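Take a look at the structure below.
None of these values were measured; they are calculated from a predicted model.
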Amino acid sequence: MEFDEISGKIWMDGKIIDWKDAQIHVMSHVVHYGTSVFEGIRSYEIDGKPAVFRLEEHVKRLFNSAKIYKMPMPYTEEEVCEAIKEVIKVNNYTDCYIRPIAYRGYKELGVSPLNCPVSLAIGAWEWGAYLGEEGLANGVNIGVSSWRKPAVSTFPNVAKAGANYMLSQLANMEAQDNGYDEALLLDVNGLVAEGSGENVFLIKDGVIYTPTLSSSLLEGITRDSVMKIAEDLGYEILVQPLPRDLLYIADEIFFTGTAAEVTPIRSMDHRIIGEGKRGPVTEKIQSTFFKIIKGEIEDKYGWFTIVD
């Protein structure tokens, strides 16, 4: 769905307003310097009601990102959680994607953001499979980007900040130009980092591997969820630095993320991974993940917040 087709409501600085009226001034600090932090959250329909996936963890990360960038949040975490529920209800959504964003607004310009007020907006819309339903079933084709993730002493990769995603845009556009569905980025040392908006896992000889945070990646909440599921399914998970060449000889690779959910990778740099389709370990993890989010098996992890 394109945004110009949406006629819903957005929560903006404490008020519910029409989607078309959610505007900021062109001289807002965020427009010029990228001073925003945000989250991507999904709600799924369970027993006819919206069930928000790991709501409190997402909001906590939003506040942590703001803290790193010295952005004083004008609301409490509890108030933001309630506002997210309000947005879902006022739009009559069950399955939807939710985007809270805090940003430096309109007062003055200059590199220092400290005198510019912090605003908060929350939008929601219906959004299907990020890399396509076909990708969820049969895998996507990925290329390693020529762009590198910055060193951990350069940008705070732990923060989910708008400015960080300029790099993601470059990598994603390059991937599309080269005929790939998505990009995979390496860190400054040439080790595996993450996709342009996803974390990555690979499987070799029955063991699951994923890069460490020191490889300049975002600590994904879906990443954490998949690790818990995999552990409960009896798989060994190793979190360690991963060389690029290990990608090519992996038995299976998959992406995780709020938008991507659990998406298998069928090829990397025109090299077929495994049998060129979703592998058995990926399928088992993906199947369990989707059964949880569809309410087909018990949410023993306490991941859902039901919106009444």
Could you go through Glu182 and Ser196, starting from their C-alpha distance and side-chain angles, then the distance that decides it, and tell me whether this counts as side chain to side chain donor-acceptor pair (under 3.5 Å)? CA-CA 7 Å; Glu182 178 59 293; Ser196 72; 2.7 Å; yes
Would Asn141 and Ser267 count as a side chain to side chain donor-acceptor pair (under 3.5 Å) if you check the C-alpha gap in whole Å, the side-chain angles of each, and the deciding distance to 0.1 Å? CA-CA 5 Å; Asn141 300 308; Ser267 74; 2.7 Å; yes
Show, in sequence, the C-alpha distance, side-chain angles and deciding distance for Arg104 and Ser28, and conclude whether the side chain to side chain donor-acceptor pair (under 3.5 Å) test is met. CA-CA 7 Å; Arg104 290 280 187 175; Ser28 295; over 6 Å; no
So Ser146 and Glu174, side chain to side chain donor-acceptor pair (under 3.5 Å) or not? Walk me through it. CA-CA 8 Å; Ser146 64; Glu174 179 187 53; 2.5 Å; yes
Worked check of salt bridge (charged side-chain N to carboxylate O under 4.0 Å, His left out) between Asp21 and Lys15: CA-CA 11 Å; Asp21 294 329; Lys15 297 179 181 179; over 6 Å; no
What do the steps show when you test Arg42 against Asp95 for salt bridge (charged side-chain N to carboxylate O under 4.0 Å, His left out), and what is the final call? CA-CA 7 Å; Arg42 278 196 188 264; Asp95 283 288; over 6 Å; no
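Using a 4.5 Å cut-off on side-chain heavy atoms (C-beta onward), Asn199 and Thr222 make no contact. The shortest distance between side-chain heavy atoms of Lys9 and Ile17 does not fall below 4.5 Å. Counting only heavy atoms from C-beta outward, the side chains of Leu167 and Leu185 approach each other to under 4.5 Å. By the 4.5 Å heavy-atom criterion applied to side chains, Tyr103 and Val118 are not counted as neighbours.
Between Ile10 atom CD1 and Lys20 atom NZ the span is 11.5 Å, to the nearest 0.5 Å. Note that CD1 of Ile237 is 10.0 Å distant from NZ of Lys228, once rounded to the nearest 0.5 Å. Atom CZ of Arg223 is separated from atom CG of Leu213 by 5.5 Å, given to the nearest 0.5 angstrom. Summarising the geometry, atom NZ belonging to Lys204 is positioned 14.0 Å from atom CG belonging to Leu238; distances are rounded to the nearest 0.5 Å. Annotation: the span from Glu194 atom CD to Leu217 atom CG amounts to 5.0 Å, rounded to 0.5 Å.
No donor-acceptor distance shorter than 3.5 angstrom exists from the side chain of Ser216 to the backbone of Asp187, with no hydrogens or angles considered. The backbone N or O of Gly34 sits nowhere less than 3.5 Å from a side-chain atom of His29 that would complete a donor-acceptor pair. When atom types are taken as modelled, the side chain of Ser119 and the backbone of Gly105 share no donor-acceptor pair closer than 3.5 angstrom. When atom types are taken as modelled, the side chain of Ser215 and the backbone of Pro211 share no donor-acceptor pair closer than 3.5 angstrom.
Sequence neighbours left out, the pairs with a member in residues 286-308 that pass ring pair (Phe, Tyr, Trp, His ring centres under 6.0 Å) are Phe53-Phe289, Phe53-Trp303, Phe53-Phe304, Tyr301-Trp303. For residues 160-171, the pairs satisfying side chain to side chain donor-acceptor pair (under 3.5 Å) are Lys160-Tyr165, with sequence neighbours left out. For residues 218-262, the set of pairs meeting the ring pair (Phe, Tyr, Trp, His ring centres under 6.0 Å) definition, not counting sequence neighbours, comprises Phe201-Phe254. Applying the ring pair (Phe, Tyr, Trp, His ring centres under 6.0 Å) definition to pairs two or more places apart or across chains, those involving residues 168-189 are Tyr180-His270.
Shown here are the side chain to side chain contact (heavy atoms under 4.5 Å, CB included) partners of Ala137, two or more places apart in sequence or in another chain: there are none. Take Gln176 and apply the side chain to side chain contact (heavy atoms under 4.5 Å, CB included) test, not counting sequence neighbours, and it matches Asn172. Partners of Glu82 under the salt bridge (charged side-chain N to carboxylate O under 4.0 Å, His left out) rule, at least two apart in sequence or in another chain, are Lys85. Residues forming a ring pair (Phe, Tyr, Trp, His ring centres under 6.0 Å) with His58 (at least two apart in sequence, or on another chain): none. Every residue two or more places apart in sequence or in another chain was checked for a salt bridge (charged side-chain N to carboxylate O under 4.0 Å, His left out) with Asp13, and none qualifies. Applying the ring pair (Phe, Tyr, Trp, His ring centres under 6.0 Å) test to Tyr44 and every residue at least two apart in sequence or in another chain returns nothing. In this view, Pro264 and Arg278, Thr282, Gln286 satisfy the side chain to side chain contact (heavy atoms under 4.5 Å, CB included) rule, not counting sequence neighbours. By the salt bridge (charged side-chain N to carboxylate O under 4.0 Å, His left out) test, Lys70 is found to be paired with no residue, residues two or more places apart in sequence or in another chain being considered.
No salt bridge links Lys294 with Asp47; every basic N to acidic carboxylate O contact stays at or beyond 4.0 Å. The pair Glu39-Arg99 does not meet the salt-bridge criterion, since no charged nitrogen lies less than 4.0 angstrom from a carboxylate oxygen. The pair Lys89-Asp308 does not meet the salt-bridge criterion, since no charged nitrogen lies less than 4.0 angstrom from a carboxylate oxygen.
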